[in-house]
Amino acid sequence: QVQLVESGGDLVQPGGSLRLSCAASGFPLDSYLYRIGWFRQAPGKEREGVSCISGSDGRTRHADSVKGRFTNSRDNAKNTVYLQMNSLKPEDTAVYYCAADRSYLRAMCRLVEDEYDYWGQGTQVTVSS
């Protein structure tokens, strides 16, 4: 059974940093079958893709709004993906979700919500002074 559990959300001041974790179970993160994506949803807004990492080779992709500030990595031994968020801005405030895309059809991850089959419960990130 695939399960994803996010943690690490918190209240942080603008310019600060946070690291979110996504602990996966039921499948290996380094499998070519899977990709892990991070999405976020702010109040009153649609959910948007933030970053993703491919299972086969660990290649990452980032939304333009977070390039240069957020990085995505994984620890295969812990079967956990991390989203390191630096230089946080108030507009980064949202509930952050990790999700898993299971498919034979693509190797590189994409920030397309409909391609993700499994979702975590989300963790709240609030950037405010």
Do [X] and [Y] come close enough that some side-chain heavy atom pair is under 4.5 Å?
X: F27; Y: Q3; result: no
X: N86; Y: F70; result: no
X: L33; Y: Y104; result: yes
X: R47; Y: E113; result: yes
X: Y116; Y: C109; result: yes
X: V12; Y: T126; result: no
X: V125; Y: L18; result: yes
X: Y82; Y: T71; result: no

**OP:** Tell me whether the guanidinium CZ or amine NZ of R40 lies under 6.0 angstrom from the six-membered ring centre of Y97 and within 45° of its axis.
**Re:** no
How far does [atom1] of [X] sit from [atom2] of [Y], to the nearest 0.5 angstrom?
X: T123; Y: Y96; atom1: OG1; atom2: OH; result: 10.5 Å
X: S54; Y: M108; atom1: OG; atom2: CE; result: 4.5 Å
X: C22; Y: L83; atom1: SG; atom2: CG; result: 10.0 Å
X: S7; Y: R19; atom1: OG; atom2: CZ; result: 9.0 Å
X: S103; Y: Y32; atom1: OG; atom2: OH; result: 10.0 Å
X: C52; Y: F39; atom1: SG; atom2: CZ; result: 7.5 Å

Subject >> Joint hydrophobic cluster, L20 plus Y118, side-chain heavy atoms closer than 4.5 Å >> reply: yes
Original post:
Can you hop from V2 to I36 via hydrophobic side chains spaced under 4.5 Å?
Top reply: yes
**OP:** Of all the heavy-atom pairs spanning G49 and A63, show the shortest one and how long it is.
**Re:** O-CB, 3.5 Å
Answer yes or no: is there an ion pair linking [X] with [Y], defined by an N-O contact shorter than 4.0 Å?
X: D101; Y: R110; value: no
X: D92; Y: K89; value: no
X: R35; Y: E115; value: no
X: R74; Y: D30; value: no

Original post:
If we ignore angles and hydrogens, is there a donor and acceptor under 3.5 Å between the side chains of T80 and D75?
Top reply: no
Original post:
Does the side chain of T93 pick up a donor-acceptor pair with the side chain of E91 at under 3.5 Å?
Top reply: no
Mark yes or no for whether [X], through its side chain, and [Y], through its backbone, hold a donor-acceptor pair below 3.5 Å.
X: R69; Y: S65; answer: yes
X: E6; Y: Q121; answer: yes
X: S31; Y: L29; answer: no
X: D117; Y: R102; answer: yes

**OP:** Could you walk me through whether L111 and V50 pass the side-chain contact (heavy atoms from CB on, under 4.5 Å) test, one step at a time?
**Re:** CA-CA 7 Å; L111 297 177; V50 174; 6.0 Å; no
Original post:
Within a radius of less than 6.0 Å around CD of E46, do more than 12 heavy atoms belonging to other residues, nucleotides or ligands occur?
Top reply: no
Subject >> Partner of S51 by side chain to side chain donor-acceptor pair (under 3.5 Å), out of Q84, K67, H62 >> reply: H62
**OP:** For the pair W119 and L4, evaluate side-chain contact (heavy atoms from CB on, under 4.5 Å) and give the outcome as yes or no after the intermediate values.
**Re:** CA-CA 6 Å; W119 292 80; L4 302 168; 5.7 Å; no
